[in-house]
Amino acid sequence: MKLFRYRKPSMRRMLGVTKIKRQVKRELGISQVQGWTQPSRLKQRAKQSVGLYSPEVRAVRQTSKGRFPTLFGLFGKK
């Protein structure tokens with residue numbers, strides 16, 4: 001267990017409001033619906049279908065920013 005925290009918890013967090021809100025959202029399925037309707041998720045799904053998250057395109061994107069793959073980076077999770 002950590003002795004010191006980076007940030008102090010908010011009042012809502014200490015009172016448990018955040019936990020209750022998350023529970024209600026999960027039980028009602030709101031988060032599932034938002035995952036399909038939020039604009040950021042729509043854009044992400046479109047990029048996925050085009051292939052912008054494929055390993056080849058990611059490597060090109062990273063090298064264009066000046067980050068070159070190392071031996072550790074070649075064996076990623078995906």
Side-chain angles (χ1 to χ4, degrees):
M1 186 174 137
K2 288 185 180 181
L3 295 176
F4 299 103
R5 293 179 52 91
Y6 177 66
R7 293 172 51 169
K8 68 176 187 176
S10 66
M11 187 61 70
R12 293 177 67 151
R13 180 76 180 197
M14 289 192 306
L15 293 176
V17 175
T18 306
K19 185 176 182 179
I20 293 170
K21 279 180 69 174
R22 291 182 71 191
Q23 269 181 335
V24 169
K25 272 188 162 186
R26 263 192 218 115
E27 289 169 1
L28 292 176
I30 292 173
S31 53
Q32 293 293 321
V33 173
Q34 285 177 341
W36 285 97
T37 58
Q38 282 185 335
S40 61
R41 292 288 291 142
L42 292 172
K43 284 196 292 188
Q44 186 180 19
R45 251 196 324 278
K47 288 178 184 179
Q48 179 73 37
S49 65
V50 171
L52 290 180
Y53 294 132
S54 67
E56 298 84 18
V57 175
R58 271 193 286 153
V60 169
R61 203 166 42 238
Q62 293 298 321
T63 52
S64 70
K65 291 180 183 177
R67 300 184 195 124
F68 298 100
T70 62
L71 286 176
F72 298 119
L74 291 177
F75 308 106
K77 294 180 232 172
K78 295 183 179 182

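Basis for what follows: all heavy atoms, side chains included, without hydrogens, waters or symmetry-related copies. Everything quoted here is computed from the prediction, not taken from an experiment.
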Task: Of all pairs that satisfy side chain to side chain donor-acceptor pair (under 3.5 Å), the ones with a partner from residues 38-51, not counting sequence neighbours - done: R41-Q44
Open item on the list: Please check if the number of heavy atoms outside M14 that lie under 6.0 Å from its CE is greater than 12.
Closed with: yes
Open item on the list: If you count heavy atoms of other groups shown closer than 6.0 angstrom to CZ of R13, is the number above 12?
Closed with: no
- [ ] Taking all heavy atoms of T63 and all of V60, pick out the closest pair and write down the distance.
- [x] OG1-O, 3.0 Å
TODO: Please name the pair of heavy atoms, one in L52 and one in V57, separated by the smallest distance, quoted to 0.1 Å.
DONE: O-CG1, 3.6 Å
Under 3.5 Å, which donor-acceptor pairs link side chains of residues 15-37 to any protein atom two or more places apart or in another chain?
residue: T37; atom: OG1; partner: V33; partner atom: O; Å: 3.1

